[in-house]
Amino acid sequence: MIVPDVETWEYLVDDQASEDHRKAGIRAVQSTPLMSRDGRIIGVISTHWRNPYDPEESALRLMDILARQVADLIERNKAEETLREADRRKNEFIAILAHELRNPLSPIQNALEIIRYSKSTVDDVQAATAMMERQIGHVVRLVDDLLDMSRISRGKVELRKERLDLALVLQRAVEAIQTQLKSKELQLALTLPLDPIYLNADSVRLGQVVINLLNNACKFTDNGGSVWLTAEIENGSDQVLIKVRDTGIGIDPSEIQRIFEMFTQVEGPMQRTQGGLGIGLALTKKLVELHGGELHARSDGSGKGSEFVVRLPILTDRSGPPGEPVESEPTAVILRRVLVVDDNTDSAESLSMLLRMAGSETYTAHDGLEAINAAATLRPDVVLMDIGLPKMNGYDAARRIREQPGVSK
Ligand code: ADP
């Protein structure tokens, strides 16, 4: 934009702007927008003159070149800043991850010593075993979240959608967090509409979404607080709102968007002591989005509790057959001859020990080729096969075993 004389330029005359220019001693202005490569305006370079002036063509061309270079420089700096920030967050994440994985190992080591110690009583051993179970559960959850997150970022998570009764999913989620509720003496109220709500969803993944939100509600609420889990149809729509509300520490409004980013934890004295990797909400949001839904958070601020709202499309056809498979009690089957194949020797040995205790005759193999040979000579009823194996992977080994004479296809 070129204004050769602010005194005579029609858009400025009688305007406060021209008064401002006069005060500043400006008579002519030239402005060149700084455009990003994808066409956004990211800034402006302006030149001001004390006298009326109409810059010639060559000066304007020079301005254009300068503007291009400046815009590129700004964009490059921004990109570098983003990379530096991502790198910083990843480093911080690795430190937290190491810490979170290391933490449960000390009690596990202690518990092992207690079990091994000859003077331990039966009660001691039981307490130590319970301790190990809790701590190992913690590590398993962390690692499962990490694996899920990396699968989702690589687009490798497939939903097993089926017709689901939402009430069942919510009730199961509530059962799953009973221990957390009890240990912090939290009250939980579950409210469901009278009519059943059906969704086309993956019951395990949807359960994971609700459990993650309930877990956070427990984690960030002081002892004796309350948690509400409600489901309601959004007014006149085909959407259900699943809300998890708590009376906990709340979230500062400026942090609300950030908490859904990977590796983000709001800094605060309470959070630091809560553990966690800051990937739970990122994962939960992705899982909701895979279901065609949305996840939002609300909070009136620090100390005022939080509310997380999942919005999901529902199935409007209520008459269809219930897709929820009727769960039959699992029947115990004793497998007679079992071949366990795993390159992790401890995994193979421990699983085979458990099976032996349950009455099976067990054998182990530790790579694909060994598995094929063992299957040929031992003729097991069942092979429990790991997938990633040395020499030949589990899929190929299983295929070759199926080709052996007398093996049912
Ligand atoms: P993590 O729980 O492992 O820290 P999440 O991704 O689940 O990771 O949560 C990210 C952050 O969001 C938490 O560290 C916490 O600061 C905040 N947050 C999540 N849920 C709540 C809640 N119910 N109340 C207050 N803050 C919460």
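Numbering of ligands and ligand atoms starts at 1, following listing order.
- Counting the atoms of ligand 1 from 1 in the order shown, those under 4.0 Å from a heavy atom of Lys219 are 1 (P), 2 (O), 3 (O).
- Between Gly250 and ligand 1 there is a heavy-atom distance shorter than 4.0 Å.
- Arg356 and Ser352 share a donor-acceptor pair across their side chains, judged by distance under 3.5 Å alone.
- Without hydrogens or angle criteria, Asp342 side chain to Ser347 main chain gives no donor-acceptor distance under 3.5 Å.
- The closest approach between Glu255 and ligand 1 stays at or above 4.0 Å for every heavy atom of the residue.
- Applying the 4.0 Å criterion to heavy atoms of Ile279 picks out, from ligand 1, the atoms 6 (O), 8 (O).
- Under the 3.5 Å distance criterion, with hydrogens and angles disregarded, a donor-acceptor pair is assigned to the side chains of Glu294 and His296.
- Under a 4.0 angstrom heavy-atom cut-off, Phe308 registers as being in contact with ligand 1.
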Query raised in the report: Should Gln208 and Asp148 be marked as a side chain to side chain donor-acceptor pair (under 3.5 Å) after you check the CA-CA gap, both sets of side-chain angles, and the distance that decides it?
Result: CA-CA 11 Å; Gln208 200 177 348; Asp148 275 347; 2.8 Å; yes
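- Relative orientation of the His21 and His48 rings is tilted, given thresholds of 30° and 60° on the angle between their planes.
- Contacts between Ile251 and ligand 1 below 4.0 angstrom, taking non-hydrogen atoms only, involve the side chain exclusively.
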